[in-house]
2 protein chains.
Amino acid sequence: MATEKNSPSLSCKDCPFGNVSFYAPTWTSSPDAIQSLRSRVTTYKARQAIIYEGEESNLFGTLRQGWAYRYKNIGNGRRQILGFILPGDAMTLEMLTFGNLPLPFGVSALSPATICWFPLEEMTELLRRKGPQDEHSRQMVHGYFNWLIRRNSAMGHTSAASSLAELLLQLMVRLKRCGMVSGNEYDFAPTQADLADSLGLTTIHVNRLLGGMKRQGILQIEGKKMQVFDKVQLRRIVTQG
Amino acid sequence: MATEKNSPSLSCKDCPFGNVSFYAPTWTSSPDAIQSLRSRVTTYKARQAIIYEGEESNLFGTLRQGWAYRYKNIGNGRRQILGFILPGDAMTLEMLTFGNLPLPFGVSALSPATICWFPLEEMTELLRRKGPQDEHSRQMVHGYFNWLIRRNSAMGHTSAASSLAELLLQLMVRLKRCGMVSGNEYDFAPTQADLADSLGLTTIHVNRLLGGMKRQGILQIEGKKMQVFDKVQLRRIVTQG
DNA sequence: CGAACCTTTGATCATACTCAAATGCTGTGG
DNA sequence: CCACAGCATTTGAGTATGATCAAAGGTTCG
């Protein structure tokens, strides 16, 4: 884990993800306000822990490069991945609502990752500043909450294939928003085990499902490159339940 | 649906659930502050809609009598019950965080129910008042959020029997807090279909599970009365996954 | 070059769903 | 107050989805 006080190579003004971030309205009007708040930039190796479950912290982190994920350990060495974090995303947006109460989940890097850390109190104050920024923050937290509710509602009602397809599509949409999709191809960091842990399935079953999709010509995964050929078919799998 | 401007028979000072409510600290120190804020008291018949999905409202409701539930409609006439509401509980505690943004779920009465309605803005202001009340509100919302995360984490990892047992135990704890359990017996409003919709199972499967528990002498359901004889065994079923 | 990890395949099994139908309970209107 | 309609519960038989167990190739990284 390397930390630099202020990385000149990663200025906020040039950040490609400022406009998808939590502080987008402020970033747009005055990127320097963000930069001057930043207390440090830290890099993590793939699979390295970033935040531990139950931790309290006075820092608010935003992912600048790479992939990360939130997870919760559940009995006998298993874990549930609660969601993937992409560039521009906050590590812990609930901190905005709850302050530094102990987190019910941990965060780890999925690929080599870089995170910009800000002092929690000042960042919270900035994000709650009346006007477009305040409005935007509320929308983001509200969206996250609705997503949680939706996920909860899908419990017994969706097949494994459907939820896998939905996850892949959602990731693609989010990656596109980050400008990380070129054509139908993009870097895909999660292993099949990660996908399984995210969906509450076994690795083996995810493998068979992906195998089926490959055979149907819907997608291709080679190395860490994903290609989606048939989004329509993928959406059909989602809606078939 | 009957509404009275101010029901003398249901004064806030004598409310048996003031101390389990969202506004408990304020209620303890000055019940009159609550009473004077209350804009109306409404009764609902069993199964009657209280709040519609997507609705925006300027009212904050607290359940005074009976049972209710939050639910979300999912395709083909099915619904997911997101949680049961007991006396003292808020209908929509997320309103405290998000104001009157459209709700991602509806609320209905499960049994005949009475609800105390308060103006949202004033109630929000009261609940955020610095000191014990502010602290208490944050704890409640935080607890709810953690519960959501936990539920999300349990996705593929728990058997139907385990999640049913957990639900029954949780309800019992909450009912006890409301003083609604005498000995091991209490009124139980949900049907087996309600339990199924809450857990993402089929009614038939819930029936078989309950049947098994009855045969093992763990519990008894007759009419709308539930008796739990063997809490230890029930807890064992939960932890067995 | 070897160890660790990731992907793939096969065979078998169990949990919970579907379909079908009978019985019991509750409340409502004649 | 009884008859009936509409729910709610219970039981049986068969099925399917996804898990488990076992093991063999591929990659990647140190």
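Note that the coordinates shown come from a computational prediction; the quantities given were computed from them, not determined experimentally. Protein chains get the first letters and strands the later ones, always in sequence-line order, with residue 1 at the start of each.
Taking the side chain as every heavy atom from C-beta outward, Thr62(A) and Phe22(A) never approach each other to under 4.5 Å.
For residues 184-206 of chain B, the ring-ring contact (aromatic ring centres under 6.0 Å, His included) pairs, not counting sequence neighbours, are Trp67(B)-Phe188(B). The salt bridge (charged side-chain N to carboxylate O under 4.0 Å, His left out) contacts involving residues 169-181 of chain B comprise Asp89(B)-Arg174(B), where partners must be two or more places apart or lie in separate chains. Sorted by first and then second residue, the pairs that involve residues 223-233 of chain A and meet side-chain hydrogen bond (donor to acceptor under 3.5 Å, both in side chains), not counting sequence neighbours, are Asp187(A)-Lys225(A), Gln233(A)-Arg236(A).
Contact check of residues 233-241 of chain B against DNA chain C (heavy atom, cut-off under 4.0 Å) returns no residues at all. For residues 150-162 of chain B, proximity to DNA chain C is found at Ser159(B), Ala160(B), defined as any non-hydrogen atom under 4.0 angstrom from a strand atom.
One finds no side-chain N or O of Thr202(A) lying less than 4.0 angstrom from the OP1 or OP2 phosphate oxygen of dG18(D). Between Gln192(B) and dC7(D), a side-chain N or O to OP1/OP2 separation shorter than 4.0 Å is absent.
Considering only residues two or more places apart in sequence or on other chains, Asn19(A) meets the side chain to side chain contact (heavy atoms under 4.5 Å, CB included) condition with Trp27(A). Applying the ring-ring contact (aromatic ring centres under 6.0 Å, His included) test to Phe84(B) and every residue at least two apart in sequence or in another chain returns nothing. Under the rule for a ring-ring contact (aromatic ring centres under 6.0 Å, His included), Phe17(A) has no partner lying at least two apart in sequence or in another chain.
Rounded to an integer number of Å, the gap from NE2 of His205(B) to P of dG12(D) is 16 Å. Taking atom CZ of residue Arg208(B) and atom P of nucleotide dA13(D), one finds them 10 Å apart after rounding to whole Å.
Taken over five-pair windows at either terminus, the axes of the helix from dT7(C)-dA24(D) to dG30(C)-dC1(D) are inclined to one another by 40° (rounded to 10 degrees).
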Taking distance alone, no hydrogens or angles, what donor-acceptor pairs closer than 3.5 Å link side-chain atoms of residues 146-163 of chain B to residues at least two apart or in another chain?
from: Arg150(B); atom 1: NH1; to: Glu166(B); atom 2: OE2; distance (Å): 3.4
from: Arg150(B); atom 1: NH2; to: Glu166(B); atom 2: OE2; distance (Å): 3.0
from: Arg151(B); atom 1: NE; to: Asn152(A); atom 2: OD1; distance (Å): 2.8
from: Arg151(B); atom 1: NH2; to: Ser198(B); atom 2: O; distance (Å): 3.2
from: Asn152(B); atom 1: OD1; to: Arg151(A); atom 2: NE; distance (Å): 2.7
from: Ser153(B); atom 1: OG; to: Ile149(B); atom 2: O; distance (Å): 2.8
from: His157(B); atom 1: NE2; to: Gln80(A); atom 2: OE1; distance (Å): 2.9
from: Thr158(B); atom 1: OG1; to: Ala154(B); atom 2: O; distance (Å): 3.2
from: Ser159(B); atom 1: OG; to: Ser162(B); atom 2: N; distance (Å): 3.2
from: Ser159(B); atom 1: OG; to: Gly241(B); atom 2: O; distance (Å): 3.3
from: Ser162(B); atom 1: OG; to: Val238(B); atom 2: O; distance (Å): 3.0
from: Ser163(B); atom 1: OG; to: Ser159(B); atom 2: O; distance (Å): 3.1
from: Ser163(B); atom 1: OG; to: Ala160(B); atom 2: O; distance (Å): 3.2

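With a heavy-atom cut-off of 4.0 Å to chain B, the contacted part of DNA chain C has its first and last nucleotide at dA16(C) to dA20(C).
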Please write out the pairs of protein N or O atoms and N or O atoms of nucleotides 22-30 of chain D separated by less than 3.5 Å, giving the distance to one decimal.
none

